[in-house]
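Notes for the one structure printed next.
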Amino acid sequence: MPELPEVETTRCGVAPYAEGYRVEKVVVRDRRLRWPVPMELDTQLPGSTIGEIQRRGKYLLFATDTGTLIVHLGMSGSLRVLTEAQQPARHDHVDIVLSNNCLLRYNDPRRFGCMLWTLGDPSEHSLLSHLGPEPLLEDFTANYLHQRSRGRKASIKTFIMDSQVVVGVGNIYANEALYRAGISPLRAAGRISLQRYELLVAAIKSVLGSAIKQGGTTLRDFVGGDGQPGYFKQQLAVYDRGGQPCRSCGRELREVRLGQRSTVYCTVCQR
DNA sequence: ATGCGGACCTGTTAGC
DNA sequence: TGCTAACAGGTCCGCA
């Protein structure tokens with residue numbers, strides 16, 4: 001679930017039910033997330049009023065009048081809004097009860113996610129301070145990628161999945177964007193021309209942008225909280241299609257592992 | 001500075 | 001059918 005579009009969908013789904021409301025109570029059932037849920041969450045969050053909820057990369061930032069709650073969904077996490085109390089289920093690790101009687105419930109089977117508390121400017125938090133630009137904003141450009149990649153021997157796929165280079169490009173979208181741009185995922189990042197980076201930046205923006213729009217579908221029944229099946233799966237050109245024909249040229253898509261991540265591409269269309 | 005591999009966990013699926 | 005191994009949408013950290 002949690003690629004950037006899902007995180008953005010979560011932000012949009014949660015915001016109307018959380019922004020402007022006071023936290024009544026925090027219930028932590030299991031502190032063992034990626035980092036232990038700090039006691040400050042229990043002691044400082046209750047009584048605080050939630051302001052704007054922002055997203056930085058795949059981190060969600062809940063500004064309050066006393067500090068900022070940082071949430072990451074890891075690989076399997078979700079944050080749902082419940083309008084009435086329901087029995088907590090397996091892996092429902094944290095509840096945040098609000099003054100409007102809504103409940104934010106954090107669930108994460110693999111516990112790769114985190115919930116942290118920080119004072120002051122959250123962008124200075126060590127998890128956020130070294131992050132690269134947002135892929136959908138103006139400052140993410142071909143020029144930027146081209147400059148940053150000079151001298152880099154790492155593959156272009158590894159390069160764009162590096163959150164210090166650009167945030168929010170996960171494995172699925174890295175595969176898809178490279179296919180759209182016609183660039184082999186194995187090519188060294190430092191040996192790609194500015195012209196081709198123009199194609200890649202456009203591809204990243206379009207792939208993420210349209211996936212966020214698809215996320216709007218899930219948005220509607222967000223509060224109902226049904227699971228979200230692969231609503232963009234049919235649009236994927238390469239991810240999860242290893243061995244199947246390229247939709248453009250018909251050649252069998254090749255699947256390799258790059259940095260322990262499954263990588264699928266067309267040897268004809270991507271160079 | 002860069003690049004690689006390991007680590008953190010559970011759930012699902014492929015293969016024997 | 002049942003057991004085991006591999007793999008999964010993330011990303012931080014430590015080491016070479």
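Every value quoted in this text rests on a predicted model; they were computed, and no experiment measured them.
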> Under a 4.5 Å cut-off applied to non-hydrogen side-chain atoms, are Ile160(A) and Ile156(A) in contact?
Replying inline: yes
> Whole Å only: how far is the CD1 atom of Ile212(A) from the C1' atom of dG9(C)?
Replying inline: 15 Å
> Of the candidate nucleotides dG3(B), dG10(C), dC7(C), which contains the atom at the shortest distance from the side chain of Ala154(A)?
Replying inline: dG3(B)
>> Measure CG/Asp240(A) against C1'/dA6(C) and give the value in whole Å, please.
In response: 15 Å
>> Whole angstroms only, please: what is the CG-P distance between Leu131(A) and dT11(C)?
In response: 9 Å
> Would Asp95(A) and Lys25(A) pass as an ion pair if we require N to O under 4.0 Å?
Replying inline: no
> How long is the span from the OG atom in Ser206(A) to the OH atom in Tyr173(A), to the nearest 0.5 Å?
Replying inline: 11.5 Å
>> Side chains of Ser248(A) and Tyr179(A), heavy atoms from C-beta outward: is any pair under 4.5 Å?
In response: yes
Protein-nucleotides 9-11 of chain B N/O pairs under 3.5 Å:
| residue | atom | partner | partner atom | Å |
| --- | --- | --- | --- | --- |
| dC9(B) | O3' | Arg111(A) | NH2 | 3.0 |
| dC9(B) | O2 | Arg110(A) | NE | 3.0 |
| dT10(B) | OP1 | Arg111(A) | NH2 | 3.0 |
| dT10(B) | O4' | Pro109(A) | O | 3.4 |
| dT10(B) | O3' | His91(A) | NE2 | 3.3 |
| dG11(B) | OP1 | Arg90(A) | NE | 3.0 |
| dG11(B) | OP1 | Arg90(A) | NH2 | 2.7 |
| dG11(B) | OP1 | His91(A) | NE2 | 2.5 |
| dG11(B) | OP2 | Arg90(A) | NH2 | 3.0 |

> Can you tell me how far P of dC12(C) sits from NE2 of His125(A), to the nearest Å?
Replying inline: 11 Å
> Quick one: does Glu6(A)'s side chain have a donor or acceptor within less than 3.5 Å of a partner on Glu3(A)'s backbone?
Replying inline: yes
> Say you pick atom P in dG9(C) and the same atom in dA14(B); how far apart are they, in whole Å?
Replying inline: 15 Å
> So which one's nearest nucleotide on DNA chain C is more toward 5', Gln260(A) or Arg34(A)?
Replying inline: Gln260(A)
> At under 4.0 Å, does any side-chain N or O of Lys153(A) touch on OP1 or OP2 of dG3(B)?
Replying inline: no
> Phosphate oxygens OP1/OP2 of dG9(C): is one of them under 4.0 Å from a side-chain N or O of Tyr173(A)?
Replying inline: no
>> Taking only the P atom of each, what is the distance from dT12(B) to dT11(C) in whole angstrom?
In response: 22 Å
>> Does Tyr59(A) reach a base, just sugar-phosphate, or nothing at all? Heavy atoms under 4.0 Å.
In response: sugar-phosphate
> Does the side chain of Arg152(A) get closer than 4.0 angstrom to OP1 or OP2 of dA1(B) through an N or O atom?
Replying inline: no
> Say you pick atom P in dC12(C) and the same atom in dG11(B); how far apart are they, in whole Å?
Replying inline: 24 Å
>> Partner lookup for dT2(B), please. Criteria are Watson-Crick or G-U wobble with both distances under 3.5 angstrom; report none if nothing qualifies.
In response: dA16(C)
> Tell me: CZ of Arg241(A) to C1' of dA8(C), nearest whole Å?
Replying inline: 19 Å
>> It should be established whether His72(A) places a side-chain nitrogen or oxygen under 4.0 Å from OP1 or OP2 of nucleotide dT11(C).
In response: yes
>> Rounded to whole Å, how long is the line connecting atom CD1 of Ile160(A) with atom P of dG9(C)?
In response: 14 Å
>> Check the orientation of Tyr197(A) and His146(A). Use parallel for under 30°, tilted for 30 to 60°, and perpendicular for over 60°.
In response: perpendicular
> Roughly how many Å is it from CZ in Arg257(A) to P in dA6(C), rounded to a whole number?
Replying inline: 11 Å
> Crowded around Arg196(A) CZ? As in, over 12 foreign heavy atoms under 6.0 Å?
Replying inline: yes
>> Counting only side-chain nitrogens and oxygens, does Thr158(A) get under 4.0 Å of the OP1 or OP2 atom of dT2(B)?
In response: no
> With sugar-phosphate meaning primed atoms plus P, OP1 and OP2, does Ser262(A) contact a base, only sugar-phosphate, or nothing at under 4.0 Å between heavy atoms?
Replying inline: sugar-phosphate
>> Can you measure Arg261(A) atom CZ to dG9(C) atom P for me and round it to whole angstrom units?
In response: 5 Å
> Just checking Leu127(A): base, sugar-phosphate only, or nothing, at a heavy-atom cut-off of under 4.0 Å?
Replying inline: sugar-phosphate
> Are any of the side-chain nitrogens in Arg56(A) or Glu134(A) under 4.0 Å away from the carboxylate oxygens of its partner?
Replying inline: yes
